[in-house]
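Notes to accompany the following structure.
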2 protein chains.
Amino acid sequence: MVQFVHPARDDITLAGVLAALADPMRLQIVRSLLQEGDCLSCTAAAPCPDIPKSTLSNHFRVLRDAGLIQTTKKGVEHRNVVREADINARFPGLLKAILKHANA
Amino acid sequence: MVQFVHPARDDITLAGVLAALADPMRLQIVRSLLQEGDCLSCTAAAPCPDIPKSTLSNHFRVLRDAGLIQTTKKGVEHRNVVREADINARFPGLLKAILKHANA
DNA sequence: TTCAATAGTCCCATATTTCCGAACTATTGA
DNA sequence: TCAATAGTTCGGAAATATGGGACTATTGAA
């Protein structure tokens, strides 16, 4: 049984969030998650559908550790949601300012 | 004679900017530069004055390559300025949104 | 119940990046 | 001309990212 550890709101750091988003694929993942509401990892993956599973899993772990997303198990899938409320509470305006510029 | 190459405004990428700022020291450097107007590298350095020269030089190179700062030679010193106009033109609101949250 | 399929994690070897000491370059001032 | 200053560049060690393959958990069907 895999149990995910998400950082508390106050443990989310600016450098951590920026580092997590400083990767085109992760930026795209967050973008997709925000558009869809909530979805599963593989489906939420970046444009390329041929990305290795381990790489994708790693990207989700980075986003999780940075406090950007929350992952819960739902059957065989892992459902991911952007922790919008937490990020916005901690860094008001940041998420919107960044994602506004993520290339569609 | 060292000649610096700065990326053109349109070559500045979001992921590049985020990656450059995804480091506490570089975040602090940019913060200091914005507060001071323009200043020299070593002086503009992060809190710790005992950081190795090569490391510092490297951080400035990263910021330069990302298009965040412009460096010009002024005697023995290198004067650095944040390319505020370029960044704001390319990603309106981004810089302010990020630096607003950089811990004082 | 058992078995196959699915979704994803974990391990680990390789590849890439970062850090920093040391040697080097350019400029100024004595 | 020489020393001091400010910073770059080189190169090896340390840290981190990538991705293949084996593993785990869950579901749905035989």
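Everything numeric in this text was worked out from a predicted model, so none of it was measured. A, B, ... follow the sequence lines: proteins, then strands. Residue 1 opens every chain.
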Counterpart residues, side-chain contact (heavy atoms from CB on, under 4.5 Å), relative to Ala22(A) (two or more places apart): Leu18(B), Ala19(B)

Counting only N and O atoms by type, is there a donor-acceptor contact under 3.5 Å from the side chain of Ser57(A) to the main-chain atoms of Lys53(A)? no

Measure from NZ on Lys53(A) to P on dC11(C) and round the result to the nearest Å. 16 Å

More 5' along DNA chain D: Lys74(A) or Arg64(B), using each one's nearest nucleotide? Arg64(B)

Please enumerate all residues that pass salt bridge (Lys or Arg N to Asp or Glu O under 4.0 Å) together with Arg90(A), with sequence neighbours excluded. none

Would you mind reading off the distance between Leu56(B) atom CG and dA6(D) atom C1', rounded to a whole angstrom? 11 Å

Using whole Å, report how far CZ of Phe4(B) lies from P of dT25(C). 16 Å

Main-chain N/O of Pro7(A) paired with Asp11(A) side-chain donor or acceptor, under 3.5 Å: no

Under the side-chain contact (heavy atoms from CB on, under 4.5 Å) test, residues paired with Asp10(A) that sit two or more places apart: none

Judged by each residue's nearest nucleotide on DNA chain D, which is more toward the 5′ side, Ser54(A) or Val76(A)? Ser54(A)

Polar atom pairs (N or O), protein with nucleotides 16-18 of chain D, under 3.5 Å:
none

Checking His59(A) now: which residues fulfil side chain to side chain donor-acceptor pair (under 3.5 Å) with it, not counting sequence neighbours? Arg26(A)

His101(B) (side chain) donor-acceptor with Gly93(A) (main chain) under 3.5 angstrom: no

With the side chain defined as heavy atoms from C-beta on, Lys73(B) is closest, among dG21(C), dT8(D), dA26(C), to dA26(C)

For a stem of at least 3 consecutive Watson-Crick or G-U pairs with distances under 3.5 Å, i pairing with j, i+1 with j-1 and so on, which stems involve DNA chain C? C:1-30 with D:1-30

Taking atom C1' of dG28(D) as reference, at what distance in whole Å does atom CD of Glu77(A) sit? 14 Å

Any residue meeting side-chain contact (heavy atoms from CB on, under 4.5 Å) with Pro52(B), in chain and number order, not counting sequence neighbours: Ser54(B), Thr55(B)

Enumerate all atom pairs, one protein N or O and one N or O from nucleotides 12-17 of chain C, separated by less than 3.5 Å.
none

Filter on side-chain hydrogen bond (donor to acceptor under 3.5 Å, both in side chains), then keep only pairs touching residues 62-72 of chain A, sequence neighbours left out; what's left? Arg61(A)-Asp65(A), Arg64(A)-Thr71(A), Thr71(A)-Asn80(A)

Taking side chain to side chain donor-acceptor pair (under 3.5 Å) as the definition, give me every residue that meets it alongside Arg9(A), ordered by chain and number, with sequence neighbours left out. Asp86(A)

Phe60(B) CZ to dC20(C) P, straight-line distance once rounded to whole Å: 16 Å

With sequence neighbours excluded, residues passing side-chain contact (heavy atoms from CB on, under 4.5 Å) with Ala15(B): Pro24(A)

